[in-house]
Amino acid sequence: MFTLPRTGRRRFLQAAGASVAYAGLAPRAALAFAEQKKAQAPGYFRFMLGSFEITMLSDGLNQTPFRFSASNVPEEELKAYLGALRQPTEARVSHLNVCLINTGEKLVLVDCGSGDNFRETTGKLTESLEAAGYAPEDVDHIIITHGHPDHIWGIIDDFAEEPRFANADYSMSIGEWDYWTQKDLESRMPEGFRFFATGAHRNLLPIAERTKRIKPGAEIMPGLQTVPSPGHTTDHMSVLATSRGESLLIVGDAITHPFISLEHPDWEPQMDMDKAEAVKTRKRLIDMAATDKLLVAAYHIPFPGVGHIVPNGSAHRWVPITWQWEL
Ligand SMILES: [Zn+2]
């Protein structure tokens with residue numbers, strides 16, 4: 001077929017436009033409006049880690065009061081810090097990035113998203129998974145980092161009233177399972193957060209028989225090892241995925257903010273249950289990622305939430321992964 005070279009094509013189009021105008025029709029550029037699409041690209045980002053295929057899936061975004069980012073810092077100081085970074089100072093908008101690992105043998109999710117009842121702007125995991133070419137029933141195993149709504153409320157499909165990932169088994173730390181399934185949990189939760197307990201019971205109790213309660217640090221399967229990271233919640237755990245010498249540290253909510261967590265690891269997010277323990281864990285994981293030059297996946301850092309943690313003066317900074325066109 002005859003193909004015009006680029007410069008020739010432009011000249012040809014100019015000539016075609018001229019002839020349309022000559023015929024009395026409006027050329028394209030003169031139309032009164034251009035329809036705006038108001039839709040974003042599908043919510044997934046894919047890359048290879050050795051022989052593992054990693055797909056980051058978006059479950060949407062969540063908004064919390066901006067004070068939640070650092071509850072032990074004076075409001076004015078926090079506002080000035082975020083303002084200087086051109087970050088919102090009214091609300092904290094965080095993304096929800098679920099990591100899907102295809103080991104070549106098993107399809108493994110780390111966390112389950114927020115499901116249908118958490119926020120209007122969340123619960124997009126199934127849509128992103130399907131856009132990425134997989135169905136919920138393809139998932140073999142789910143590792144749960146902790147029991148907060150944005151990580152476990154996607155376990156149950158609230159319309160079908162049964163597990164969304166029909167063929168999956170689960171791993172959750174013993175301490176985390178025991179905490180979120182205890183009978184009188186609701187009365188132990190602080191005012192305003194009691195619904196966390198109701199949701200945890202609704203999502204966890206139906207999968208009791210399919211959930212292996214593990215000690216953080218245990219290996220889930222070859223190449224997938226859990227890492228203890230308590231503090232954000234009682235027995236929160238992270239996951240280290242390794243294939244052919246390449247590693248990805250999936251930190252869950254041990255590191256939540258692209259600037260604060262790394263530049264000020266002592267600033268305490270409101271949602272950290274044991275704040276002193278969470279600071280210790282955050283510093284340990286930051287040190288581990290920076291020293292071993294690990295790739296890191298963080299659930300709440302801007303999508304796709306994958307990058308490196310690099311030393312920067314007396315602290316660290318987040319360097320996001322660049323888009324990859326070919327795998
Ligand atoms: Zn979270």
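Whatever order the structure lists ligands and atoms in, that order sets their numbers, starting from 1. Quick note: residue numbers are just sequence positions, from 1. The structure displayed is predicted, hence computed values, not measured ones.
- Counting just the N/O/S atoms of Asp253, the one with the shortest distance to the Zn ion (ligand 1) is named OD2.
- Its N, O or S atom nearest to the Zn ion (ligand 1) is what matters here, and for Asp150 that atom is OD2.
- The shortest side-chain heavy-atom distance between Glu186 and Thr198 falls under the 4.5 Å cut-off.
- Within a 6.0 Å radius of NZ in Lys79, more than 12 heavy atoms belonging to other residues, nucleotides or ligands are found.
- Looking at His148 and His232, their side chains do bring a donor and an acceptor atom within 3.5 Å of each other.
- Not a single N/O/S atom of His148, whether from backbone or side chain, sits less than 2.8 Å from the Zn ion (ligand 1).
- Taking backbone and side-chain atoms together, His300 has an N/O/S atom less than 2.8 Å away from the Zn ion (ligand 1).
- A salt bridge links Asp184 with Arg188: the closest approach of a Lys/Arg side-chain nitrogen to an acidic carboxylate oxygen falls below 4.0 angstrom.
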